[in-house]
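Data first, discussion second: the structure below is written as structure tokens.
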Amino acid sequence: MIDLRALREHPDAYRDSQRKRGASPDAVDALLSADAEHRSALQSFESLRAEQKGLGKRIAGAAAEEKQALLERTKTLAAEVKEAEARVTATAAAFEAAGKAIPNLVADEAPAGGEDDYVVLREVGERTKIEDPKDHLELGTALGLLDTERGAKVSGSRFYYLTGDGALLQLAMLNLAMQQAVETGFMPMIPPVLVRPDAMEGTGFLGEHADEIYYLERDEQYLVGTSEVPLAAYHSGENLGELTQPRRYAGWSSCFRREAGSYGKDTRGIIRVHQFDKVEMFSYCRPEDAAAEHEQLLSYEERMLQKMELPYRVIDVAAGDLGTSASRKFDCEAWVPTQGRYRELTSTSNCTTFQARRLNVKYRDEQGRNQVAATLNGTLATTRWIVAILENHQLPDGTVAVPKALQPYLGKEVLEPKK
RNA sequence: GGAGGAUUCGCAUAGUGGCCUAGUGCGCCCGCCUGCUAAGCGGGUUUCGGGUGAUACCCGAUCGCGGGUUCAAAUCCCGCAUCCUCCGCCA
């Protein structure tokens, strides 16, 4: 939810933001007029209601015959109040719908445009050069690390088993991510992955991404696509106090995505799957600290990628590709040798006050007033990283070197076929 | 799956149609008193919205959520949610 007061005062900033996303600035004017209508309905209701309450008080203490006269009067008034209230309800619904139609205000620094208008901030490491590289599926299958055929047999396409060292490799990576998170001040969390509608709604995932989400109709619960959802909803309706330091959480969870509309894309291997595991960083902080915290989250992502010894680049995602809640987003993309291009491994978003306003997460400022907090999230490791690890660290004989940072967790330096 | 109980201000509680403008205690904030500390005394303290670019003032909403009855609902009625207890079933 955007800041309505700010929108009233600076509607042009929001119109510009809409244009930058490639969305219509008319939505801003629709909201402004819905707001005006709602407020005028509210005012007429409130004055009628005030009169009704005043009369009610007089009736309580009135003598018998005066009481009769007053009762006559209040009966018609009651009808008017009811009608005014109905108008308030109707205009409020229209107003809310208009409000939800507007995504977060895009940061000034974010590039304008769509998916292909990102700006490359830096490239780190040398693009791996391998003669005749094998892809992760071929490597993983040969080494007994993953089994997509049986994944499909049991669950359908885009499902897989991580087997043997493959399972251990993922655990090693996620454990390392958790350890790094704890070292950098994150509270480790294993959250629920089934959530109620208000949690999903509050994090802004029921808008344009509704098709992406698994929904369990019998139980009215959603399977989360990221632990961002339960971590954001964790403090919903709460006041976090002074919040002089960011409040940081690291969630380890399975994630579920329907991948509707991605037919034919990345059908080979485990790049795009319906279920994967992830360690996600999540921060609550003051809005004025959010940009700095965003840089911090990005640096932690890069630290993890460097521990995996992967060549990657950092992109500043363009406004049109931001998603509803984000005002700015950085992706880290690792080099994938068999594809000859960079693929997204991490994503960190600054949602400013957009999520927290919906979820009603506050803090107390120096004057003791309640203010809306800012929220940020970022990826610290996911199943997809295995793709980049296998492909970049493959050796000519078909084995895969284990990055040094993972060796203590995995107990071996090379992944070899089972004898 | 079934039965019962609960849900009121940060916490604990009072409140069974109009004197609720939701009381009290604790906590917290401000002040007074005061060698120091503690205690004591006085005042303040739900949240959201509007008037309104406002920490004052006024108005409205808000007693888990949504409906209903009524001139009037924390209070009565219906539905739902969550938590607790018990019974049944179960990995």
Side-chain angles (χ1 to χ4, degrees), chain A residues 1-14 31-100 191-202 215-222 230 233-244 247 254 353-373:
Chain A
M1 196 71 193
I2 45 102
D3 182 350
L4 186 67
R5 202 165 288 197
L7 180 132
R8 272 189 212 136
E9 283 172 26
H10 311 289
D12 279 334
Y14 286 83
L31 178 58
L32 284 173
S33 73
D35 174 43
E37 233 169 281
H38 177 236
R39 277 200 287 174
S40 97
L42 205 56
Q43 271 169 37
S44 62
F45 163 73
E46 284 182 0
S47 64
L48 285 169
R49 181 70 178 137
E51 192 185 346
Q52 186 187 36
K53 281 175 78 168
L55 285 176
K57 238 163 258 173
R58 280 172 59 195
I59 288 171
E65 65 271 23
E66 193 194 352
K67 204 168 198 165
Q68 277 309 314
L70 285 172
L71 280 178
E72 286 305 311
R73 177 90 194 284
T74 50
K75 271 186 188 172
T76 58
L77 190 57
E80 286 174 39
V81 167
K82 207 165 192 174
E83 198 188 315
E85 192 172 18
R87 237 180 7 256
V88 168
T89 308
T91 55
F95 165 63
E96 258 174 56
K100 276 181 190 157
V193 294
L194 275 173
V195 300
R196 294 145 54 81
D198 50 345
M200 202 50 109
E201 174 74 41
Y215 177 55
L216 283 75
E217 200 163 343
R218 285 180 68 182
D219 303 287
E220 289 183 68
Q221 285 175 317
Y222 294 89
Y234 185 64
H235 283 304
S236 62
E238 295 183 20
N239 191 311
L240 301 179
E242 302 278 312
L243 203 60
T244 46
R247 185 93 62 104
S254 291
T353 57
F354 189 89
Q355 267 181 349
R357 188 168 288 106
R358 284 192 185 189
L359 291 165
N360 192 23
V361 182
K362 302 281 182 68
Y363 72 96
R364 214 174 298 283
D365 69 13
E366 276 77 13
Q367 284 76 43
R369 283 181 292 199
N370 295 333
Q371 305 282 359
V372 179

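The structure displayed is predicted, hence computed values, not measured ones. Note on naming: letters A, B, ... go to the chains in the order of the sequence lines (proteins, then strands), and numbering restarts at 1 for each one.
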Nucleotide nearest Q52(A) when distance is taken to its side chain, options A72(B), C59(B), U82(B): A72(B)
Each nucleotide N or O in nucleotides 6-11 of chain B that has a protein N or O under 3.5 Å away: list the pair and distance.
none

Contact pattern, 5' to 3', of nucleotides 47-56 of chain B - B, S or - by protein heavy atom under 4.0 Å: SSBSS---S-
Test item: Y234(A) and L359(A) side chains (from C-beta on) under 4.5 Å apart, heavy atoms: no
Residue pair L194(A) / Y222(A), side-chain heavy-atom distance below 4.5 Å: no
Enclosure of E83(A) CD (heavy-atom neighbours >12, cutoff 6.0 Å): no
Using the [atom1] atoms only, state how far [M] lies from [N], rounded to an integer number of Å.
N      : M      : atom1 : result
U75(B) : G15(B) : C1'   : 8 Å
C9(B)  : A14(B) : C1'   : 13 Å
G68(B) : G49(B) : C1'   : 26 Å

Phosphate contact (C59(B) OP1 or OP2) by K53(A) side-chain N/O below 4.0 Å: no
Value in whole Å for how far the P atom of C59(B) lies from CD of E51(A): 15 Å
Pair K100(A) + E201(A), salt bridge at N-O below 4.0 Å: yes
Donor-acceptor pair, side chain of R357(A) and main chain of V372(A), under 3.5 angstrom: no
Interface residues of residues 79-94 of chain A with RNA chain B (non-hydrogen, below 4.0 angstrom): K82(A)
Criterion side chain to side chain donor-acceptor pair (under 3.5 Å) on R49(A) and Q52(A), from CA distance to verdict: CA-CA 5 Å; R49(A) 181 70 178 137; Q52(A) 186 187 36; 2.7 Å; yes
Any-strand Watson-Crick or G-U partner of C48(B), both distances under 3.5 Å: G60(B)
Who pairs with A74(B) - Watson-Crick or G-U, where each distance is under 3.5 Å: none
